Structures are given as structure tokens and as C-alpha cells.
Amino acid sequence: MTFLSRQLACRLLLIALCCSARLGSCAAPPKVLLLMPGGATAPWSLQLGEALRGELLREHADAELHLEVLQQQLPGGAGAPLPRGLTDKYAGLAYDAIVPLVPDQLPLALALRDRLWPLATVVAPALDPAYAARLARVPRMTGLLKHDVVARNLALMFALLPTTRHIGVISAGLDQDPIRPDWRAALQPWLRSAELIDLSGLEPEVLLRRVQQLPPGTALYFAAPTTAHNSAVMTPYDLVRALAPVAQVPIFVDGGTLVGAGAIGGWVVSPASYARDVASQLNRLLAGVPPERIGFEPHSAPRLQFDWRALQRAGVDSTALPAGSELLFQPPGLWEAYRGMVLATALVLAIQSILIGTLLLERRRRKSAERQTRQHLGELARLDRIGAVGALSAALAHEINQPLGAILSNAETAELLLEAPHPSHNELRELIAAIRADNQRAAAVLVRLRAWIANNAGQSQRLALNPLLHEVARILRVEVQMRDAELQLHLSDAVPEVVADGVQIQQVTLNLVLNAFDALQQMAPGQRRVSIRSSRNAAGGADVCVADSGPGLAGIAPERLFEPFFSTKPDGLGVGLSISRSILERHGGTLQVEQPAGGGALFRFSLPSAEAAAA
């Protein structure tokens, strides 16, 4: 018996636990009744309902928000009969909280609570502080204290538009506005400097005509409810959109959903912040917090919001807006609209700048290297000329000895004439003139030699080639005799003038002719012939050819002859032809070697004409 009694007790305990768990799982979800005035389809009402539902479901996923739209003011308060439609509709339902959105619906909410749901809490938003003080002793009631946006917007109106002389007000009525009951108190300070134009309660058609006729210097404050009982049903948003195009004055509003309909904005209350405040109290109530611990709390502060487009139409400078203002619908600047493109462009420009800077630095280095190369080339060319002077030393000594010997002979003859008793003055004059001429001839040889050796490269000028080639032949006259060779000149009158450094062109020609003489050393004296030929080429430039009757290239590749330090002579340095080609390339010319069919070698250098060089 004892065992059976214990088993029965355990089963009864299990059944009780299962029943209690089942009852807990079947508990009714929390319900909230939202009393909303007419115009529930207005943007403000729709956004408020959606925001409030979202805030509730965030913390109470099973909460239900029921909406009751009241198209007209219903009786409420102690002893007042409730409409039978409401009592029948909500019979058998239980609500945890009732939210009357406007103060005028508070008596009805309290009546519903007292007669149908005594345990429900009334949450009254948008209460005037004085009204809230009178409700402090009402049981199971919390509330939210509103801010005086009317007074704030009137102050803002005169701060932005100090020349305002008329205040136009569009509302439910200065003395019948359930949401803004203190119109006259808020207007009183400003009526000393401005005139009030009351446009409240007008039909939309009449209102549009009146707004078009507002005098200059008017600022319009729009706070009208939905015109549900007039000839045309219009929400506040629709009415502002209709007024903005015809109004010649700025329109201030205090509803966040009206910013963007054509009004410039102001201190506004948004549905989202309003819903967060109400949901904050509802969530705490549904979580079990006693209403007395919540009490009456202030609403979130209104925000300064402005429509940039409306400010532009009203001529209000956006920089004059108070600190903390939110400027909406402003076209994005370059950075905001094309941030990625701006960054990409800046990156490309930075890379280009770095690349350009690198190229400029490289150009500077290259030019410096070119200057050094030209300087070294000039030094090598000068050394080459000095070497050529060494090769021509015998010829130069002979050319200088001739005038010096003549000077000595004429001087001895003059001495003999002076020893005569009666010297002939005419003969002495002739001898002195001859001495002077021979001295000048010797000096000219030295001057030419010094100018040719001097480092004066780079002084290009317009010159004729034929006289320069004649000068080369004259310099080589004695060398030709000493080598028992023949130097022929075939110069064309059609050769154009060139722009070049005459000393360097002479050096190139002299190098080519001396190389030709060196190639003729093994030839018989009667076969040692070198020719210098000038002509006009097909491109209009000048060609100079130095040909010899020697053995030719002897199987050597033509390009190898121009390699630095390559020479076919046992005692040659191998720099003469390399320097000559570099000199001609710096003048825009070329140097090539050919092997004529009749034997020997032919070196041809070309220079552009002076006209082509100047083009």
C-alpha cells in the first residue's frame, strides 16, 4: 500500500506539472489598443503605427497592436455613456494598455479602461505639463510630456526671417486645436511686431486662394489636421504639396513627414521618435514594471530639419541655420556623389604625377649624361686633332719653314744692300714687303693650326662645304707630296649649305683622307690616288665622299670599322672613325663605308641642308 501510494503521488505531481506548463504556453499574448483620430491614412499616422508595432515586436514578439480610428469626438469620463458599438466590439477582449494619441481622447480611454479592463494601464502621449499635473493621482496611468514646438518654431521664424510682418497660421483652430492648445500664448510675444492672419478651418479651395493673396513679408505656419469633414478630403501632406507651388511665402511645419512636401521645415516631431517614446513605456509595462514607477516622462526633443530646395526658393541662406540643423534633399557634392571616381582619379593623377616626375628626373639625368658625352666627345675629338697634327708634323714643318727661309734670305739680302754706298730704297722696300708677307703667311699657318686644335666644338653655323674641302686639301698639300700620292677634288656647285661646326667637319674629312693615305702605303707610287667628291643627295642634303685606290676592306665587316678601339693599323688607336661618326650624328648626319666595284674603299658622309635643319 505504501508503494502504491507513492507511485500515485508521483503520477499526480507529473500531471500537475504538465498542466501548468501547458497553461503557461497557452497564456494570452499582450494586447495594446491604440486610439487614433481621423486621418489614419496620413503619412504621419501610418509611419507612427508601423514604427510603434516594430518597437513593440522587438521586445515582445507575441504582442498585438490593435487600432481604433475615431472619426469624431466621443463622450468619455465618469458617468458618460459609451457608444454601444465600442462596448459590443471589445466585449470579451482584454487589453494590457490603452494609448490615446491626442489628449482629447484621454477621457474616452479612461472610461474604456474603468468599465471594460480595470487592470489596463493608460499611456497618454503629448500631454501638457499642467494637464499632466492634474492627472498625477489617476491610478494605473503613465504619460509623456510634450515640448512646445509652436513657441520654438515662431522664434525660429523670426530668427531666419527678421523682416517678417505677418504670421499666417493654418491649424485646426487657435482655440480648438487638440494637439496644440496654446496657440495664443505662443503668438502673443510676436504680435507686437507682426500681424496675425488666421487661416484655420478653411476649405482647401478657399485656403488655396487666400494663400495666393498673402502680402509680402508673411511667414506661414502650417499645422492643419486631415480635412476629413470638409468638401475635399486631404491629408496634411497633400495639403502642403498643394499649397507650396502657389504660396509666395515660406511655410514652416512641425511634423517630420511634411518636410519634403514643399515646406522649409522647422522644429519637427517625427513619427519614429514619437513611437520610440510610447513604446519605451509600453515595453516596460508589458515587462511587469508598475505604472507608478514609470509616471510621466518628457518626450524626445524635437529636431531641426529643413528642406534645402524650399530654403533656396525662399531665399534663406543655409549657412544661417541654427547649429545642429539637418539639411535634407540637398544635392550631393562632388565628393558625396562621386567619391569612388574622385578617389580613382586622384590615384591616377598621383601615379601620373609620380611617373611624370620620374620621367623629368630621368630626362634631366639623360641631358646631363648627354652633356658629359658631348664634352667627352669634344675632348676625344680635340685629342684626335692633336694626333692628326702629329701625323702632319712633317708637312706643317715644311709649310712653316718655307716662309721662315724666305724671311731669312730676304733679310740677308737687305743687309748686303745696306752695306752698299748708295743702297736702292725701292729694292729695300720690296725686300721688307716680302719679309712682311712671308711673316704673315707663317703666322696664318700657326693661327689655323691653333684654331683647329682649340676646343671650340659646338659652335655650329651656316657654311658652304666646298671652301672647307679646299682648305683641307691645302692643309694636306705637303703631306700629299711627302707620301708621293695624288689628291683629287671633284666639287659640285649644287652642294647645299649646311649648319655645322666647320672645325669638326674638317676634322672628319681630314681623318678620312689620312686613313685613305695609310691604306695606300703598300701601293705603287703611281697608283696612290685619293679623291674628295661633293654632291647633292636625293634628300636635298650634302654628300661628301672620300675614295681611295687601295686594297679595300679586305673582308672586314663594314660596321666593325666604326667600333671603338678597332683598328686595321698596327699603331692605330681605333677611335678616329668612331669619333667621326659621333660628330656627324650630332649634326644630324651619317657616315657609311662602301666598297666600289673598281676596288678600294669609299667613305660617304651626309649632312642635312641648312633649310632642312631649320625646319
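Remember, predicted model here, so these are calculated numbers, not experimental data.
- Counting heavy atoms of neighbouring residues, nucleotides and ligands inside a 6.0 Å radius, atom OH of Tyr338 does not exceed 12 of them.
- Side-chain contact between Pro236 and Leu258: present, with at least one pair of heavy atoms (C-beta onward) separated by less than 4.5 Å.
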Name the atoms and distances for all side-chain donor-acceptor pairs under 3.5 Å in residues 346-364, with sequence neighbours left out.
{"from": "Ser353", "atom 1": "OG", "to": "Leu349", "atom 2": "O", "distance (Å)": "2.7"}
{"from": "Thr358", "atom 1": "OG1", "to": "Ile354", "atom 2": "O", "distance (Å)": "2.7"}

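- Checked by atom type, the side-chain pair Ser280/Arg276 shows no donor-acceptor distance below 3.5 Å.
- Using a 4.5 Å cut-off on side-chain heavy atoms (C-beta onward), Leu156 and Phe306 make contact.
- Remark: side-chain polar atoms of Lys31 are not paired, donor with acceptor, to backbone N or O of Ala97 under 3.5 angstrom.
- Within 6.0 Å of the CZ atom in Arg241, the count of heavy atoms belonging to other residues, nucleotides or ligands does not exceed 12.
- Closest of all the heavy-atom pairs between Met141 and Ala124 is CE-CB, 3.8 Å.
- Atoms CZ and CG, on Arg210 and Leu202 in that order, are 6.0 Å from each other to the nearest 0.5 Å.
- Here the closest non-hydrogen pair linking Gly262 and Ala244 is CA-CB, 3.6 Å.
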- request: Report the C-alpha distance between Leu286 and Asp96 in whole Å, list the side-chain angles of each, state the deciding distance to 0.1 Å, and finish with yes or no for side chain to side chain contact (heavy atoms under 4.5 Å, CB included).
  value: CA-CA 7 Å; Leu286 297 180; Asp96 298 282; 3.8 Å; yes
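- For the pair Val268/Thr257, no side-chain contact is recorded, criterion being any heavy-atom separation below 4.5 Å from C-beta on.
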task: Evaluate the criterion side chain to side chain contact (heavy atoms under 4.5 Å, CB included) for residue pair Leu93 and Leu33; output intermediate values, then yes/no.
output: CA-CA 11 Å; Leu93 296 177; Leu33 179 61; over 6 Å; no
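- Shortest non-hydrogen contact noted between Phe329 and Gly260 is CE1-CA, 3.5 Å.
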query: Can Trp183 and Asp177 be said to form a side-chain hydrogen bond (donor to acceptor under 3.5 Å, both in side chains), step by step?
result: CA-CA 8 Å; Trp183 272 110; Asp177 194 329; 3.1 Å; yes
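- Applying the side chain to side chain donor-acceptor pair (under 3.5 Å) test to residues at least two apart or on different chains, the pairs with a partner in residues 162-172 are His166-Glu195, Ser171-Ser200.
- A pairwise comparison of heavy atoms in Arg152 and Pro302 identifies NH1-CG, 3.5 Å as the closest pair.
- The residue from Leu34, Ile98, Leu285 that alone fulfils the side chain to side chain contact (heavy atoms under 4.5 Å, CB included) condition with Val123 is Leu285.
- Remark: the backbone N or O of Ala185 is not paired with any side-chain donor or acceptor of Asp182 at under 3.5 angstrom.
- Pairs of residues two or more places apart, or lying in two chains, that qualify as side chain to side chain donor-acceptor pair (under 3.5 Å) and include a residue from residues 211-222 are Asn153-Tyr221, Tyr221-Asp254.
- In plain terms, the two heavy atoms of Gly265 and Val259 that are nearest each other are CA-CG2, 4.0 Å.
- For Tyr237, there are no side chain to side chain donor-acceptor pair (under 3.5 Å) partners at least two apart in sequence or on another chain.
- The distance from the CD atom of Glu297 to the CG atom of Leu144 is 6.5 Å, given to the nearest 0.5 Å.
- Only one option out of Gln281, Arg293, Arg284 pairs with Thr142 in a side-chain hydrogen bond (donor to acceptor under 3.5 Å, both in side chains); it is Gln281.
- Residue pairs meeting the side chain to side chain donor-acceptor pair (under 3.5 Å) criterion with at least one member in residues 122-138, sequence neighbours excluded, do not occur.
- Between Leu207 atom CG and Ile170 atom CD1 the span is 4.5 Å, to the nearest 0.5 Å.
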- request: Test side chain to side chain contact (heavy atoms under 4.5 Å, CB included) on Val99 and Leu282 and set out the steps.
  value: CA-CA 9 Å; Val99 182; Leu282 288 174; 4.0 Å; yes
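- A heavy-atom distance below 4.5 Å is not found between the side chains of Phe296 and Pro129.
- Atom CG in Asp307 sits 8.5 Å away from atom CG in Leu327 (nearest 0.5 Å).
- Two residues are said to be in side-chain contact when any heavy atoms from C-beta on lie closer than 4.5 Å; Ile167 and Trp190 meet this criterion.
- Residues Leu35 and Leu101 fail the side-chain proximity criterion, which asks for heavy atoms closer than 4.5 Å.
- Checked for salt-bridge contact, Glu203 and Arg209 miss the test: no charged N lies under 4.0 Å from a carboxylate O.
- The closest side-chain heavy-atom distance from Leu112 to Gln105 is not below 4.5 Å.
- Note that CE of Met157 is 10.5 Å distant from CD1 of Ile251, once rounded to the nearest 0.5 Å.
- Rounding to the nearest 0.5 angstrom, the gap separating the CD1 atom in Ile264 from the CG atom in Leu160 is 6.0 Å.
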query: After noting the C-alpha distance and the side-chain angles of Tyr95 and His66, does the key distance pass the ring-ring contact (aromatic ring centres under 6.0 Å, His included) rule?
result: CA-CA 9 Å; Tyr95 286 95; His66 295 181; 5.4 Å; yes
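- Residues passing the salt bridge (Lys or Arg N to Asp or Glu O under 4.0 Å) test with Asp277: none are found, sequence neighbours excluded.
- Counting only distance, with no hydrogens or angles, the side chain of Arg180 and the backbone of Ala223 share a donor-acceptor pair below 3.5 Å.
- Between Trp267 and Val150 there is no side-chain heavy-atom pair separated by less than 4.5 Å.
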field: Worked verdict on Lys89 versus Glu68 for salt bridge (charged side-chain N to carboxylate O under 4.0 Å, His left out)
entry: CA-CA 11 Å; Lys89 179 178 181 179; Glu68 178 65 39; 2.5 Å; yes
- request: Apply side chain to side chain contact (heavy atoms under 4.5 Å, CB included) to the pair Val169 and Leu199, showing each step before the final yes or no.
  value: CA-CA 6 Å; Val169 176; Leu199 301 174; over 6 Å; no
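- Residue His299 comes nearest to Ala126 through the heavy atom pair NE2-N, 3.1 Å, listed as atom of the first residue, atom of the second, then distance.
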